[in-house]
Colleague: 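Encoded as structure tokens, here's the structure I'll be asking about.
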Amino acid sequence: MRIWSLCLESYSAIMSIADELKHAKTAVALTGAGISAESGLGTFRGKDGLWSRYDPAVVASIESFTRDPRTFWKFAREIGWIFLTAKPNPAHVALAELEAMKRLHCVITQNVDGLHQRAGSKRVIEIHGNAGRIICTRCSALCATEKIADRMARQDVPTCDRCGGSLKPDVVLFGEPLPKKAFEQAVKKVRSADLMLAVGTSLEVYPAASLPETAKKSGAKIISIDSERTGWDDLCDYRANGPAGEILPRIVQAIKITF
Ligand code: OAD
């Protein structure tokens with residue numbers, strides 16, 4: 001196994017990753033909160049992560065939502081505006097460019113911020129939902145989050161105007177299953193990939209965390225781009241430690257100049 005621990009100056013390592021992407025037949029990206037960090041969205045873990053300030057068992061589990069939706073909505077209002085106002089950063093744009101250059105088949109994301117689509121990525125599989133949508137927990141009606149902004153401001157727990165059920169952002173809470181179709185699609189893409197580019201994820205949450213292993217077992221090479229060393233580095237064929245918003249555009253540039 002060849003592992004590159006690269007500093008940003010490591011031109012040759014960026015070229016090696018670019019070369020892998022250039023020759024891959026079906027590359028997929030798996031993204032996590034780290035890719036949106038440079039858009040001003042915090043990550044979950046680590047010393048400044050969201051879960052160092054909030055207990056996910058209290059604010060982000062389906063069990064606590066069902067028992068006490070008020071506490072959940074208080075938390076959602078506190079952090080929600082950041083999601084709704086964030087803009088894509090150069091890392092999102094680089095992945096969209098790779099797709100347009102036919103060097104990346106799709107993005108599988110654990111993020112709920114919709115920034116990949118806003119950067120121009122067309123094939124995005126959201127395995128943890130999307131905070132831009134609200135779902136009724138009773139009748140499953142969906143609507144855009146911005147459409148219920150006034151209800152969110154007026155009501156402690158916004159309710160469905162059709163059936164009166166409690167509304168919830170259409171994101172996966174701890175204890176909830178992943179959206180079946182999206183996850184099945186993700187597994188299918190991963191099994192047929194020959195390269196996985198994992199960006200900004202600690203891979204601490206299953207089943208998303210199983211995807212690189214699945215890719216590896218199917219014969220794919222694994223590249224990790226993360227600002228820190230992660231607990232799953234041993235699985236990687238290549239590793240680039242640094243901000244995704246700096247590394248990914250350099251990889252795209254390297255592919256362009258060597259075409
Ligand atoms: P984490 O917060 O667990 O991990 C974020 C990763 O991004 C870490 O490995 C950081 O080192 C890295 N990172 C931070 N800034 C970066 C940057 N600028 N460039 C590159 N990497 C950077 O977030 P996730 O792995 O996405 O689930 O967390 C997975 C799931 O746990 C989330 O989807 C969410 C959470 O609880 C649910 O809410 C269901």
Side-chain angles (χ1 to χ4, degrees), residues 17-39 41 86 88-133 170-172 177-203 205-226 232 235-238 240 244-245 247-249 251-252 254-256 259:
I17 294 174
D19 196 53
E20 290 290 341
L21 272 164
K22 223 168 109 175
H23 293 103
K25 288 197 174 63
T26 319
V28 300
L30 171 66
T31 65
I35 197 166
S36 296
E38 290 153 81
S39 294
L41 295 179
N89 68 56
H92 299 106
V93 173
L95 290 190
E97 272 191 275
L98 286 175
E99 184 184 336
M101 292 157 71
K102 305 203 183 309
R103 293 296 91 225
L104 185 67
H105 178 65
C106 69
V107 176
I108 298 164
T109 188
Q110 299 164 85
N111 299 343
V112 298
D113 52 35
L115 293 179
H116 287 299
Q117 294 90 328
R118 286 178 51 200
S121 287
K122 304 278 185 249
R123 284 191 291 265
V124 181
I125 304 174
E126 294 174 318
I127 57 176
H128 287 171
N130 189 311
R133 287 189 307 261
D170 191 17
V171 300
V172 176
L178 267 56
K180 193 168 178 285
K181 208 171 142 201
F183 193 66
E184 281 174 3
Q185 207 187 353
V187 171
K188 200 171 155 201
K189 298 287 184 197
V190 164
R191 287 209 173 116
S192 58
D194 58 355
L195 189 149
M196 173 179 276
L197 187 61
V199 188
T201 176
S202 64
L203 288 183
V205 175
Y206 281 84
S210 65
L211 292 174
E213 190 108 38
T214 303
K216 190 85 181 173
K217 279 186 188 145
S218 309
K221 288 186 178 166
I222 314 287
I223 295 171
S224 162
I225 295 176
D226 200 288
W232 58 282
L235 201 66
C236 302
D237 297 276
Y238 297 88
I247 293 177
L248 281 169
I251 292 170
V252 171
I255 294 174
K256 281 182 181 164
F259 257 124

Colleague: Show the nearest heavy-atom pair for residues Ala86 and Ser39, with the distance to one decimal.
Modeller: CB-O, 4.0 Å
Colleague: So which heavy atom on His92 is nearest to which on Ala119, and how close?
Modeller: CB-CB, 3.5 Å
Colleague: Counting distance only, does the side-chain N/O of Arg123 pair as donor-acceptor with the main-chain N or O of His105 below 3.5 Å?
Modeller: yes
Colleague: Apply side-chain contact (heavy atoms from CB on, under 4.5 Å) to Ala209 and list each qualifying residue two or more places apart in sequence or on a separate chain.
Modeller: Leu203, Tyr206
Colleague: Tell me if a side-chain donor or acceptor on Asp194 pairs with a main-chain N or O of Thr26 at a distance below 3.5 Å.
Modeller: yes
Colleague: If you take all heavy atoms of Phe183 and Pro207, which pair is closest and at what distance?
Modeller: CZ-CB, 3.6 Å
Colleague: Quick one: does any side-chain atom of Thr109 pair with a main-chain N or O of Asn111 as donor and acceptor, under 3.5 Å?
Modeller: yes
Colleague: Of the options Leu98, Leu95, Val93, Leu104, which is the one that meets Val252 in a side-chain contact (heavy atoms from CB on, under 4.5 Å)?
Modeller: Leu98
Colleague: To the nearest 0.5 Å, tell me how far Leu30 CG sits from Met196 CE.
Modeller: 5.0 Å
Colleague: Of all heavy-atom pairs between Ile127 and Ala186, which one has the smallest distance, and what is that distance?
Modeller: CG2-CB, 4.0 Å
Colleague: Can you tell me how far CG of Leu197 sits from CD1 of Ile223, rounded to the nearest 0.5 angstrom?
Modeller: 5.5 Å
Colleague: Please check if the side chain of Lys216 supplies one atom and the backbone of Leu235 the other of a donor-acceptor pair under 3.5 Å.
Modeller: yes
Colleague: Find the distance between CG (Leu178) and CD (Gln110) and round it off to the nearest 0.5 Å.
Modeller: 9.0 Å
Colleague: Run the side-chain contact (heavy atoms from CB on, under 4.5 Å) test on His116 and Glu126 for me, step by step, so that the C-alpha distance in whole Å, both residues' side-chain angles and the decisive distance to 0.1 Å come before the verdict.
Modeller: CA-CA 10 Å; His116 287 299; Glu126 294 174 318; over 6 Å; no
Colleague: Taking the side chain as everything from C-beta on, heavy atoms only, tell me whether Leu211 gets closer than 4.5 Å to Val187.
Modeller: yes
Colleague: Indicate yes or no for a side-chain donor-acceptor contact from Arg103 to the backbone of Leu21 under 3.5 Å, with no hydrogens or angles considered.
Modeller: yes
Colleague: Of all heavy-atom pairs between Pro249 and Ala244, which one has the smallest distance, and what is that distance?
Modeller: CD-O, 3.6 Å
Colleague: Quick one: does Gln117's side chain have a donor or acceptor within less than 3.5 Å of a partner on Val124's backbone?
Modeller: no
Colleague: Which pair of heavy atoms, one from His128 and one from Ala208, lies closest together, and at what distance?
Modeller: NE2-CB, 4.4 Å
Colleague: What do the steps show when you test Ile247 against Ile17 for side-chain contact (heavy atoms from CB on, under 4.5 Å), and what is the final call?
Modeller: CA-CA 10 Å; Ile247 293 177; Ile17 294 174; 5.8 Å; no
Colleague: So, taking the atom named CD1 in Ile251 and the one named NZ in Lys22, what distance separates them when rounded to the nearest 0.5 Å?
Modeller: 13.5 Å
Colleague: Ile35 and Leu115: side-chain contact (heavy atoms from CB on, under 4.5 Å), yes or no, with the steps?
Modeller: CA-CA 10 Å; Ile35 197 166; Leu115 293 179; over 6 Å; no
Colleague: Can a donor-acceptor pair be found, under 3.5 Å and without considering hydrogens, that links the side chain of Arg118 to the backbone of Asp113?
Modeller: no
Colleague: Would a distance-only check, ignoring hydrogens and angles, find a side-chain to backbone donor-acceptor pair under 3.5 Å from Glu38 to Asn89?
Modeller: no
Colleague: With rounding to the nearest 0.5 angstrom, report the CG to CD distance, Leu248 to Glu97.
Modeller: 10.5 Å
Colleague: Hey, what do you get for NZ (Lys217) to OG (Ser210), rounding to the nearest 0.5 Å?
Modeller: 9.0 Å
Colleague: Sequence neighbours excluded, which residues qualify as side chain to side chain donor-acceptor pair (under 3.5 Å) partners of Asp226?
Modeller: none
